[in-house]
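This report concerns only the one structure given below.
Quick note: numbers below take in every heavy atom, side chains included, and nothing from hydrogens, waters or symmetry partners. Counting from 1, the numbers follow the sequence of the chain as shown. Just so you know, ligand 1 is whichever comes first in the structure, and atom 1 is the first atom listed for that ligand.
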Amino acid sequence: MDWECVIGLEIHAQLATKSKIFSGASTAYGAEPNTQACAVDLGLPGVLPVLNREVVRMAAKFGLAIGAHVAERSVFARKNYFYPDLPKGYQISQYELPVVEGGHLDIELEDGETRRIGVTRAHLEEDAGKSLHEDFHGMTGVDLNRAGTPLLEIVSEPELCSAREAVAYMKKMHSLVRYLEICDGNMQEGSFRCDANVSVRPKGQKEFGTRAELKNLNSFRFVERAIDFEIERQIAVIEGGGEVVQETRLYDADKGETRPMRSKEEANDYRYFPDPDLLPVELDRGFVEEVRKTLPELPGEKMERFVTHYGLSRYDAGALTASREMGDFYEAVVKASDGDPKLAANWVMGDLSAFLNKHGKEITESPVSAEMLGGMLKRIVDNTISGKIAKDVFEAMWNGEGDADTVIESKGLKQITDTGAIEGIIEQVIADNPKQVEQYRAGKDKVMGFFVGQVMKASKGKANPQQVNELLKAKLG
Ligand code: ADP
Ligand code: MG
């Protein structure tokens, strides 16, 4: 039997506010345990939550960016459950009336196709604290620094059809929230994570199969592996005559498998009800229009502009707009090189990205600035150096040996474009290789490559390759 899978993601993006969603405590990462939890976060009796305006502004900005409806009225609700890292005994979230409804995100697939994925809703909620098991023997520590940190939970429609699509969607969402500057996107610190809902059904069947929810996936690689494992597991269960049970599962990265955590609770287990301590959030159109004015150029728009303005392929444009910093760097390179956007794209995605990866650096930390790279491209375009020599120049710039002109000068890398000088080298090579000359003249065209190689070698890579080709043909012909 042929199977297909259905996936829906719930992404938790931590909103990049200075203080918490309902208190003035700091949200800064990495503080000593329980130094950033105030009376409100601790759930002490008699305290009252006060909504952080910035959180609402960020959620509205997100809603506008995905073409969603930003609700005129949304309501905070209490989601009741007991857990040591939740001192109030309930989490403040939004249930029936979320702040963002509908909207969509377009993802580019590897075959060049674009797919539109629906977003069901995005709601505001507070994060819980953290249980610490490692440093305590036979006990559990609780760190409430995280309690009350603002989260935007973004719920997708069940419209993703493979682990790869799910990752493409998550990456696009990651890029979007960073463009919008509403989330720092730091996945190691837990600022951006997701739960994946996965089910399988026989190909062609309309009804969804029973789903499992894979909790707290905090890397793109884990999302892909966990979903792939889960799809195979569910198919094996059904083909073995069993039934998939609706449950919450945990991904074990070391073992590369998912395992049951708890049976899935239904919404009514949580006894949701409107939080009587908080007023409904009412947004007037004026506020929403003010927020709209703060929207930056979005990744999709930037990509389209790169395609039409710089003549790049959709694939290249997509890679260069994956982050705002990458797009800015690329445009600065193009500007500094005055021209050849395609060459600039190749260098940014090629050598530069390879060096950044190898040295574990972000583009904002590149020792070769956009101006330096652009300056070097200028020297390729005006034939001062060949593309091959440029690789050496780039490496020297990376190692702090100065800008392109300095490196070219100090290392004597200037391309030989003087026809007389190249002819001299060619004559020597021809004189040294009579056998190959004979072969070439007898019609063996392939020998040309040998001659080009010899001339380039004799010139230490500095002869202009185009001139070498032309002059060789003339001399040998
Ligand atoms: P809950 O509140 O219990 O987590 P929701 O109905 O809000 O459940 O759905 C959560 C996520 O699960 C959504 O992203 C939705 O698209 C997805 N989903 C719902 N049903 C299925 C299914 N049968 N298979 C895969 N994903 C599903
Ligand atoms: Mg859920």
Side-chain angles (χ1 to χ4, degrees), residues 3-13 62 66 68 74-81 90-105 107 115-128 151-170 172-174 192-217 223-224 226-235 237-238 243-251 258 260-273:
W3 297 92
E4 64 184 9
C5 70
V6 172
I7 302 160
L9 295 188
E10 295 165 275
I11 292 177
H12 288 92
F62 173 78
I66 61 162
S74 61
V75 169
F76 284 101
R78 290 187 182 179
K79 180 180 183 179
N80 299 281
Y81 65 93
Y90 60 86
Q91 176 195 26
I92 305 178
S93 180
Q94 294 187 312
Y95 183 55
E96 280 164 319
L97 296 172
V99 64
V100 170
E101 289 166 300
H104 54 78
L105 196 68
I107 58 173
R115 274 202 67 208
R116 176 157 287 191
I117 307 301
V119 172
T120 316
R121 57 187 267 153
H123 62 255
L124 288 165
E125 62 184 26
E126 59 178 345
D127 206 348
L151 301 177
L152 186 66
E153 176 170 339
I154 307 159
V155 183
S156 85
E157 289 288 301
E159 293 177 348
L160 297 155
C161 307
S162 69
R164 297 196 126 181
E165 269 187 41
V167 170
Y169 168 86
M170 192 176 170
K172 195 75 186 272
M173 203 55 99
H174 185 249
F192 190 86
R193 53 194 200 259
C194 95
D195 305 338
N197 293 268
V198 180
S199 65
V200 298
R201 61 182 170 188
K203 228 183 192 123
Q205 178 184 304
K206 270 226 158 60
E207 305 81 58
F208 288 152
T210 306
R211 73 181 142 128
E213 181 170 355
L214 314 178
K215 273 282 174 205
N216 259 332
L217 301 165
V223 169
E224 180 155 358
I227 293 175
D228 274 334
F229 176 89
E230 184 59 19
I231 292 169
E232 291 306 315
R233 186 191 71 83
Q234 291 185 10
I235 292 173
V237 166
I238 301 170
E243 263 181 41
V244 173
V245 286
Q246 181 159 334
E247 65 187 353
T248 301
R249 299 177 70 89
L250 210 61
Y251 177 65
T258 66
M261 189 161 113
R262 56 172 188 252
S263 69
K264 172 81 185 164
E265 50 294 290
E266 297 294 332
N268 60 15
D269 293 331
Y270 289 119
R271 304 285 165 203
Y272 278 102
F273 65 89

Would you mind running through ligand 1 and noting each atom that sits below 4.0 Å from a heavy atom of [X]?
{"X": "V6", "answer": "24 (N), 25 (C)"}
{"X": "F208", "answer": "23 (N)"}
{"X": "V155", "answer": "13 (C), 14 (O)"}
{"X": "G209", "answer": "23 (N)"}
{"X": "E157", "answer": "16 (O)"}

Before giving the answer on side chain to side chain contact (heavy atoms under 4.5 Å, CB included), spell out for I7 and Y169 the whole-Å C-alpha distance, their side-chain angles and the decisive distance to 0.1 Å. CA-CA 11 Å; I7 302 160; Y169 168 86; over 6 Å; no
Atom CZ of R164: over 12 foreign heavy atoms under 6.0 Å: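 Result for CZ/R164: open.
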Identify which one of E125, R78, K79 satisfies the side chain to side chain donor-acceptor pair (under 3.5 Å) criterion when paired with S93.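 Answer after filtering E125, R78, K79: E125.
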When you look for heavy atoms under 4.0 Å from ligand 1, do you find them on the side chain of L9, its backbone, both, or neither?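 Looking at L9 and ligand 1, just backbone atoms fall under 4.0 Å.
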Considering all heavy atoms, the nearest L151-R193 contact: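 Looking at all heavy atoms of both residues, the closest pair is CD1-NH2, 4.0 Å.
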Min heavy-atom dist C5 to ligand 1 below 4.0 Å: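 The answer is no: ligand 1 sits nowhere under 4.0 Å from a heavy atom of C5.
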Given S156, A212, P158, S199, which has its nearest heavy atom closest to atom 13 (C) of ligand 1?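 Residue with the shortest heavy-atom distance to the ligand atom: S156.
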Between the side chain of R201 and the main-chain N/O of K206, is any donor-acceptor distance below 3.5 Å?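 Here the side-chain-to-backbone pair exists.
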Tell me whether the rings of H174 and F192 are parallel (<30°), tilted (30 to 60°) or perpendicular (>60°).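 Because their plane-to-plane angle is over 60°, the rings of H174 and F192 count as perpendicular.
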